[in-house]
> 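Following this message is one structure expressed as structure tokens.
By convention here, the first residue in the shown sequence is residue 1. Just follow the structure's listing: the first ligand is 1, and inside any ligand the first atom is 1. For the numbers below, each heavy atom of this structure counts, side chains included, while hydrogens, waters and symmetry mates do not.
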Amino acid sequence: MIAHDSHVPLYIQIKDYIRLNIQAGVFPENSRIPSERQLAEQFQVSRLTVSKAINELIQEGLLHSHVGKGTFVSSTKIEQELRTLTSFTEEMIRRGQRPSSRVLYAAVEPASSEVTKALLLPSGTKIIVLRRVRLADNQPVALETSAIVAAICPGIVDKHDFSQESLYQVLREECGIRIAYARQTFESRQATPEEQEALHLDPHTPILGITRVTYNAQEQPIEYVRSAYRGDRYKFNAILRYGE
Ligand code: 16G
């Protein structure tokens, strides 16, 4: 399981081992994982190495420890129902978690060709680009880059602090935009180096890539979003009715 001669550090291999066992249900939710001593013996590594792996998984929210009792698998991934269109902020509040963001980039600039194609815009159209790490209870769960047609809600980049405020709330309350529906695509893929850094990921953590085009009540596309959700912290549910 652990390759002592690999270029991948031993503590990363141990993290991967624990993570894979959680994903496979070998270490079920709320169960106690083997002790540091047992893991150190099993893999012939120092307890310090095991402890580094476990501490990082605690930081990432996958494990938690009870003093004197051991280390336990934290409960469920963030589970989002694909039934209604919600914003990240609304979704987190509904779940009883605290939403916040780390703004990596916020500017008004001419749309890239990817964005003009997605939003059916003439080339050169000005858009607001907002790149944020989205956090749930201070844990990074997604990296999102939103592109909004600047003319529909001008000046918001300078006026608002999107590390705390909700983009959809600003669009609704300040610019009267009625978001009606969105088209989303999901794909699993490897994280880019930027995503790995922003989401504190190990190289092998899977990513759920989502692209969304959001439409207003007049059926005009107003937002194009590319996001990377942590595959180990997120799960989406959909209700599918037969024959509709
Ligand atoms: C969600 C949306 C994103 C939108 C954001 C607004 C998905 C995949 N994405 O994260 O398109 O820009 O909410 O969030 O659901 P905010 O209002 O909290 O800023």
> Using the ring of each side chain (for Trp, its six-membered ring), is Y17 parallel, tilted or perpendicular to F43, with breaks at 30° and 60°?
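Perpendicular.
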> Looking at residues at least two apart in the chain, or sitting in another chain, which of them share a side chain to side chain contact (heavy atoms under 4.5 Å, CB included) with Q196?
A191, L201, P203
> Side chains of R226 and T145 only: does a donor on one sit below 3.5 Å from an acceptor on the other?
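Distance-only check fails for R226 and T145.
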> Please report the closest heavy-atom contact between H200 and P140, naming both atoms and the distance.
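Taking H200 first and P140 second, the nearest heavy atoms are ND1-CG, 3.8 Å.
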> Apply side chain to side chain contact (heavy atoms under 4.5 Å, CB included) to P154 and list each qualifying residue two or more places apart in sequence or on a separate chain.
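Expected list: none.
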> Could you note down all residue pairs passing side chain to side chain donor-acceptor pair (under 3.5 Å) where residues 118-132 supplies at least one of them, sequence neighbours left out?
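Residue pairs passing side chain to side chain donor-acceptor pair (under 3.5 Å), neighbours aside: R131-E194.
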> Compile the protein residues with any heavy atom at a distance under 4.0 Å from an atom of ligand 1; present them by chain, then by number.
S87, F88, T89, R132, R134, E144, S146, S166, L167, Y168, Q184, I210, R212, E223, V225, Y229
